[in-house]
Each structure stands twice: as C-alpha cells, then as structure tokens.
Amino acid sequence: MGQQIYFEDVSEGMELPVEVREPTTRQLVQYAGASGDFYEIHYDKPYAESIGLPGIIIHGALKNAMLGAYVTGWAGPAATLRRLTCQYRGMDFPDEPITAKGHVTRVYQEGEQNLVDCTIWLENPQGQQTTPGTATVALPARSG
Amino acid sequence: MSTNSFTLTDDMRERSIGVESAPTMTEVEKGHIARFAEAIGDDNPAYTEGIPETGGIVAPPTFLRAMRAVRPELPFEIPFTRLLDGGSDWEYFEHVRPGDVITAVGRVEDIRERTGSIGQMLITTIKVTYRNQSGAIVATQTSTSIRH
C-alpha cells in the first residue's frame, strides 16, 4: 500500500507513477475462478486460436480491475473511489508487460468532497493504449 | 459469421430499452473478496485484513462483477454469435463488505446497430444496479457490449 495523497498536493497535469505488471496465464485462471468468467479464450489456447484469436487474451474485466488497483493504490488508504471507467480498445496477452499510466485532469470541490479526475490507461509493449479510462477519487485534505 | 439481413427496427429498439434482468442475490464472503484481490494482483490490506480508513474489510472496486448479474433478455432473436465487451463505467456510493447480500439487476439503457470493420454489429448498453441488504445502491455499472 502506498502512502496517502492529500488534496492540497494534487494539481492538474500531475502524472501518476508508472506501474508495470505482467499477468500470467495462471493469473487469468485465478481471475476466471474468482470472477466466475470462464470464457475459454482466457485460458484455453487451442480454443482461442480456433475462433481466430492470436492466442489467449486477458479478460477485459481484469484490465478494468488493474486500472482500479492502479488508481486506488496511488490515491492511498483514506481516498475513496467515486467513478471508474474504461474502454477495451485492443487485446492484451498474458506474459507480456502491461504498463499503467495516468495523469490528473481536474481538481475540484463538490459539496464537502475534494475530488480529483484522472485519465488512466494500460499500454501494451508496442506503446498502444489498449485500455483507456478515467477515474474520480475523493481525497482527504491536510487541513481536515 | 453474421448474416447480412438483420435490421434493428424502431419497434425492436423501443421494446428493448427498459427491459430488466431477473435479479440475482449473492452473499459477499470474506474469502471470496481475498481471492478476488489476489487474482487481480492487488495487495491492498483493506481487502484482506481491513484498515481503519475503511472500517474493516471491503471489496475491491470491480468485485461486483463476481455477483453474476444476468443479462436482460432482448425481446427478439439475435442473429449474432460473437460477443465483445466494449467497456465499463462504474459509479460507487457505498463500500461492499463481507456479509452484505447484493442484489444485482441489469437494465437495457440503449441498443444500436452499426456496421464497422468487423461487419454488422449490435451494440447494447446495460446498466447494472447493485443494492445491499438495506436497499442502498452500492454501485452501478454501465457496460457496452458488441455482438457481431
């Protein structure tokens, strides 16, 4: 768990630290079991190839979860995730590095809440944004 | 492969929008949350031991996926066999905790027909509303799926 980010410390344009993950086929099987999504394209290579895929592909929902982990890990334990969006634009494959990146797009207050909007995404080894998304987090303030 | 004869009429569209799925009810288990967190590679202790900031164990943001919401049934025959997930838009209102009983209901928000690089496509937008045992909405998930 990272440290806490406070509202006062965030500004528009600020970059989130880059994080690299490399999901394995084993992780996809774990995700299939934990989520209940047993679609064969996520663990059965001959099946995936039989329907024209280049191989096993990562669950879109797992990439969604990775983006959630990325932004909540950055924001810290006292932050609350309000919104998380993502689009599946391209396939990602196990045993390849996936890079999470992001930056702050808006810093604002709404009612009692200190909110921060971020653009976040996952990149494949070719540098293509396969999974662009956004997040809104409520942050604590130093001034309480 | 898809047929070329499919047309989404205004009538089919109107009959589809607003259709709801049968509700599913699932009790949230501590061990399930921990397994889900491990599967997504998130070692945040809020998901395994609980932390003071969350007032105990809570579920990761996309855990509700595992609540097995069912798709609303479209009121016409779908001539496509392939299904792609286009993306999700989650809004969060309350934490999900072990012992919660989550009721999930999906609703067709929109349905469109389009022709793109993969041929003819049927694009549906479904919003799943997740409520806990107190009736409070814990989250909504609006997803786009593409049939072709």
Side-chain angles (χ1 to χ4, degrees), chain A residues 1-2 4 19 21-24 26-37 39 41 51-53 57-73 75-89 91 98 100 130-138 140, chain B residues 1 24 26 29 31-55 58-70 81-96 104 118 138-146 148:
Chain A
M1 198 68 201
Q4 187 57 51
E19 243 179 65
R21 297 281 178 102
E22 199 167 312
T24 55
R26 179 194 174 94
Q27 190 183 350
L28 303 200
V29 173
Q30 278 185 301
Y31 185 77
S35 68
D37 178 349
Y39 191 19
I41 59 172
I51 64 159
L53 293 171
I57 64 168
I58 298 178
H59 299 77
L62 176 54
K63 298 195 286 179
N64 191 173
M66 287 166 69
L67 284 174
Y70 176 57
V71 73
T72 54
T80 310
L81 184 65
R82 294 283 169 221
R83 192 167 177 201
L84 177 66
T85 77
C86 77
Q87 290 180 306
Y88 309 127
R89 294 252 182 90
M91 294 183 277
I98 293 184
T130 60
T131 322
T134 64
T136 301
V137 288
Chain B
M1 288 307 285
T24 55
T26 313
E29 292 161 8
H32 191 186
I33 293 178
R35 262 190 298 128
F36 190 91
E38 188 188 358
I40 65 171
D42 194 336
D43 59 5
N44 186 334
Y47 309 141
T48 47
E49 302 145 35
I51 54 171
E53 290 87 345
T54 53
V58 295
T62 62
F63 174 77
L64 290 168
R65 273 264 183 182
M67 297 293 98
R68 313 277 189 102
V70 292
T81 52
R82 288 205 181 165
L83 184 64
L84 291 174
D85 196 345
S88 273
D89 181 342
W90 294 87
E91 284 193 80
Y92 298 105
F93 304 101
E94 304 271 350
H95 277 305
V96 173
I118 51 174
V138 293
T140 60
Q141 176 196 6
T142 306
S143 301
T144 309
S145 53
I146 300 149
H148 67 108

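Values below: every heavy atom of this structure, side chains too, minus hydrogens, waters and symmetry copies. First the proteins, then the strands, lettered A, B, ... as listed; each starts at 1. Everything numeric in this text was worked out from a predicted model, so none of it was measured.
- Interface remark: of the candidates Glu38(B), Glu53(B), His95(B), Glu53(B) forms the most heavy-atom pairs closer than 4.5 Å to chain A.
- When the side-chain contact (heavy atoms from CB on, under 4.5 Å) test is applied to Asp37(A), the partners found at least two apart in sequence or on another chain are Ser35(A), Tyr39(A), His42(A), His59(A).
- Heavy-atom pairs under 4.5 Å with chain A peak, among Pro52(B), Ala37(B), Ser143(B), Ser88(B), at Ser88(B).
- Pairing each heavy atom of Met67(B) with each of Thr26(B), the nearest pair is O-OG1, 3.4 Å.
- Minimum heavy-atom separation, Tyr92(B) to Pro61(B): OH-O, 2.8 Å.
- Only the side chain of Leu62(A) comes within less than 4.5 Å of a heavy atom in chain B; its backbone stays farther off.
- Every residue two or more places apart in sequence or in another chain that forms a ring-ring contact (aromatic ring centres under 6.0 Å, His included) with Phe63(B) is listed here: His32(B), Phe36(B).
- Heavy atoms of Arg35(B) lying under 4.5 Å from chain A belong to its backbone as well as its side chain.
- For Leu28(A), no part sits under 4.5 Å from any heavy atom of chain B, backbone or side chain.
- In terms of heavy atoms, Ile40(B) sits closest to Gln27(A) at C-NE2, 3.6 Å.
- Looking at Arg26(A), neither its backbone nor its side chain comes within 4.5 Å of chain B, counting heavy atoms on both sides.
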